[in-house]
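Since the structure comes first, as structure tokens, the remarks are kept for the end.
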Amino acid sequence: MPDSRQTLAIFSILTFSIMAILPILFLVATVFFNHFLAPTNISFTELQLLFLNSFFFSSNVTFFTLFLGMGLAWIFTRTTLRHSFIWLGLFCLPLFIPINILANIWSHFLGNHTGLNALLLKWLPSTEPLLNFSPWFSASLVQIMSFYPISLLIFYAAFLRWEQHWSEACYFSSYYKKLHRIVLWRYYRNYLGISALLIFVFSFSDFAVADMFQLHVYATEVFLQLSAYSNLSGALILSLPIILMGIIYLFFIYHWLEHIPLSNGYGNNRQITLKILSPVQTTTLYLLFLFLIGMIIVLPISYLLITIDSWTNMGQLIQLVWQDIILSLFLSFIATTICLLLSLALAYSISRKLKPMGIWIRLFLLFLFILPSSLIGIAYIHFWNQPYFPDFIYQQGWILPFALSLIFLPIAVEIFLLQFKKLPIVEEQAAHLCGISFYKSLRLAILLRLTPVIKIVSLICFIFCFNELTISLLISPPGLSILPVRLFSMVHYGSQSLIASLSLLQLLVLIIPVFFLYRYNLSLIKKSQEKKGL
Amino acid sequence: MSLTIKNLSFFYEQQAILEQLDLSLPAASISAIIGHSGQGKTTLLRCIAGLEKPTNGTIHWQNNLLNTKSKCIPSWKRNMSMVFQDLALWPHIKVKEHLQLILKYNQNREVINPTAIDEILSTFEIEAMSHRYPAQLSQGQQQRLAIARAVISNPALLILDEPFSSLDERMTFKCWNYLLKWQDSVQSSILYVTHDLKHTIEQTSHIFNMENGKLRQQEQ
Amino acid sequence: MLKRLLLISLNLIILFNLSSCDSQKHEVIIYTSVDRHISEPIFKYFEKNNHIKVKAVYDTEANKTTGLVNRLIAEKQNPRADVFWNSEIGRTLMLKEQQILSAYNSPNAILRKSNYRDIEQTWTGLAARARVIIVNTDRIQDKNIPNNLVAFTDPKWYGQAAIANPHFGTTGTHFTALYNLWGEKRFNKWLIALQKNKVTILPGNAQVKNKVSSGEYAFGLTDTDDALAAIKEGAPVKIIFPDQNSDGLGTFLIPNSVAIIKNAPHPVAAKQFIDFLLAPQTEELLASGDGGQIPLSPNVKGPDNLPNTQKLQLTQVDYKLLAKNFEIMLKNYRTIWTN
């Protein structure tokens, strides 16, 4: 058995090295030894100011995103609100809308003479726009609406895992409220830290929204170095502070992640005391939800629907892009499979075999997570486009799904690491003692128990891969056409109606399979509840 | 300073768990409730501790009426403490911090010497684990921690739900002795639920048998 | 089982390679930043007439159409593309400086003016777009229509005009041309005036077109193909070729540019494609398409949806010098715009 474990560890590290470590180290070495250039056209003072501004911007976004996600999660888990699982599904929909599309829609909606202002100008006797939204406000709003499902899902899980007994154990102290507050805070701060970190990094490294509202932030500057000045080393140097910030954060993330498996519950089935909602409160909540869903989901989607002039175009469009859709689905499927297999193998190896080395792998994964995807694409070209490698690797696009799988790999590994810590090793050992082989026991004692997590990870990974644009553009083989590239090339010349049709198509392609998965899960939950009832 | 329960009933989803139950315990006594599982022992303890609101009946404790139809004195004003059957340790808080937090957030914190924490940790033989999380302790160590957490605030009534179920004979003996010494020094009452009276019967003044939601005192 | 799987995958890989080796002889790989709906019909036409398969990689607006330039630079050591067909000229000049382009003297290149081709024959210009003012006719009456670049600094239009970000695309090239033409002092003065007049900088020319079409801005600076798209969509807009007075600056033309990549894998097919693309018939095809590309070959019919471009007064610039001052222009822009 130990031999098999070693083989798996060696295999996963080798694969990860070939897929990520070597290409990126190769890029860094090439850049720094061959054509080193400082960041173009920006002074150190400007850079400092820009960094601080972006830091402030992303902190602000993080705060409100956490507030919204946490609030919703609390309502869904701690009140007697009915159909909370369905509400959860609805509120998670923004996960499927690519941020560029959302930014495009909102820039129209918040424009000086369009959307909201156009409506107001129709009704009110004024010629000047009545509402003037600053780029700072608009960009924050779009980022908050894109990122809040992350904090919502994390806190939903955290709230569900809290057990009533842990509160009851506080009841016997005279200053019970203070004690309860401190015990709650010590529990939730781990989840708070992780979601804050994730959202902050997403917000800090997002270029699309900032660009749409022409807000000059740090991520824009990294993009400018690469795209406007073609200064690769400048872009790499500018990524360094982000990476440094990531390393500082790494300390905290380890701290938080180490604590979560330790706070695993005992599976106590005593019901959490739910806040009983009065009819007035329920109505207020429903109104609030309708407003939020209207803003976050209905508005963008109805904007798409209204903008589509003719539905016959939709049919023609499907005829035009159906091959792209199939190819995109196929590529995302392969990339998701690679990501899933590698993240499982890596997480298993780190938690069961590679204790001292694991931290370095996780450090590199964090580096990968923070690195702009255009740099990953360029690293792949530098490494894999070698004259002595067989043609099929780069030219035929065999590396494309591998590169795509890297986008979600860091998060997938961390999620699985967390799960492995919660699974006692004795369960595997019990299987080994029964004479079951190592790989079969992995399936029996680990994969089967992780099925729900694997499903969620694959789903989110699939969405990420499907919507990924930069890497696809940089390393997709000539003659290959995939949906996101087609969509974003149409943004330039296509009519608003055409872009809306294509965006809607992209949404549908993602949402339809997810909807069936969701319904399937819902029926499973119902079945298990019926069983419990019996 | 005694506990008197009269005519206590508790219904859960229209099913009677406790039915017109009477119980009287003198001050500074040690009492046990025995009985098969599913008879309502835990529910009775939870009613006394203030974690459940009885449907009918009254509970008097230290000359106070704990519950009326409209009002129920909350647990934190009852001067009691409880060891839960599933321990209810805070999984995200370290062993020593469990005790520190209780001391910090208890009325009597000036009275108790903080060195009591080290003393109690050493008595329960978990001082070496003081910087660990509950998940990193063995079942027995977890149970000892749960007992330590309950006694450190010196409650007037200590309620224990199956306190020694995971402990070996030696540890049961040791813990029981510690509890006796503690009870003797502070003159508190102990009420516990168990299925095994082997080690504790000698010092237990009252034993009740619980069957179908009703209590019957047993001759020792 | 595992062995069988391995064998099957090995076979597949070998088959895949063999088939690709065979097809390699009759293919040409083209990286293009020209919009797909314009370039794809041209590729199909070429395939049909020359029996050479075109494998294209298209760029996207989300990357500011600079993704392929970065890809070409990264692939420098082992080039995979044969031809780079750029929708403008600035980036091609940058690639030339990085020694990524190879010289080719196409017989069809000689037909055009020397300004539209490189002396060292690394690139040739074709099918140009003009930088035009797009005006929302609902917001501006005919008599008031702004017809030059100075209008952007006119206090009458305070806060009503938009320009795309000059870090990218044709706006970057246009601004560099203005910098070269006016000199630093006058260019900076114009920039300061733009900023004072609250001219909005938008992500790209497409957004300028969209926001002028929707009435959010009264007018903006964009390319002919964007402006034509707005007209096709039925937006209330009008195209103005700026600075057409006798003392005016003239309208700036930005030609497409095409070049062979150094050490291209299919040089013969690449040359064939360039000859085809530079042929007057192809330019005519491009002119008659949606993009309304203005032909640079003499005696080729211009686009129907634009006024006679032969009679236009054009900005006199040396295209070869455009790459030189791009970064200095941006430095000035950033200093003025961020303060």
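All chains are named by letter (A, B, ...) in the order of the sequence lines, taking the proteins before the strands, and each is independently numbered beginning at 1.
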[X] portion near chain A, given a 4.5 angstrom heavy-atom threshold:
X: C/L202; answer: backbone
X: C/F168; answer: side chain
X: C/I73; answer: side chain
X: C/K76; answer: neither
X: C/F326; answer: side chain
X: C/E75; answer: both
X: C/D59; answer: both
X: C/L330; answer: both

Mind telling me whether [Y] and [X] have parallel, tilted or perpendicular rings, with 30° and 60° as the class edges?
X: A/F389; Y: A/W384; value: tilted
X: A/W106; Y: A/F109; value: perpendicular
X: C/F219; Y: C/W157; value: perpendicular
X: A/F207; Y: A/F223; value: parallel
X: A/Y218; Y: A/F51; value: perpendicular

Who among A/H216, A/E46, A/Q214 has the most heavy-atom pairs with chain C under 4.5 Å?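 Sorted descending by pairs with chain C, the first entry is A/Q214.
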Is it true that, when you exclude C/Q98 itself, more than 12 heavy atoms of the residues, nucleotides or ligands shown sit nearer than 6.0 Å to its CD? yes
Heavy-atom closest pair, residues [X] and [Y]:
X: A/Q225; Y: A/A235; value: CB-N, 3.8 Å
X: A/I475; Y: A/G377; value: CG2-O, 3.8 Å
X: C/A227; Y: C/I134; value: CA-CD1, 4.0 Å

Part of [X] lying under 4.5 Å from any heavy atom of chain C:
X: A/S374; value: neither
X: A/L469; value: side chain
X: A/L27; value: neither

Winner by heavy-atom pair count (cut-off under 4.5 Å) against chain A, out of [options]:
options: C/V57, C/T200, C/I328, C/N70; value: C/N70
options: C/M94, C/K232, C/R91; value: C/R91
options: C/A56, C/G67, C/S214; value: C/A56

If only atom types and distance count, is the side chain of A/S373 paired as donor or acceptor with the main-chain N or O of A/T470 below 3.5 Å? no
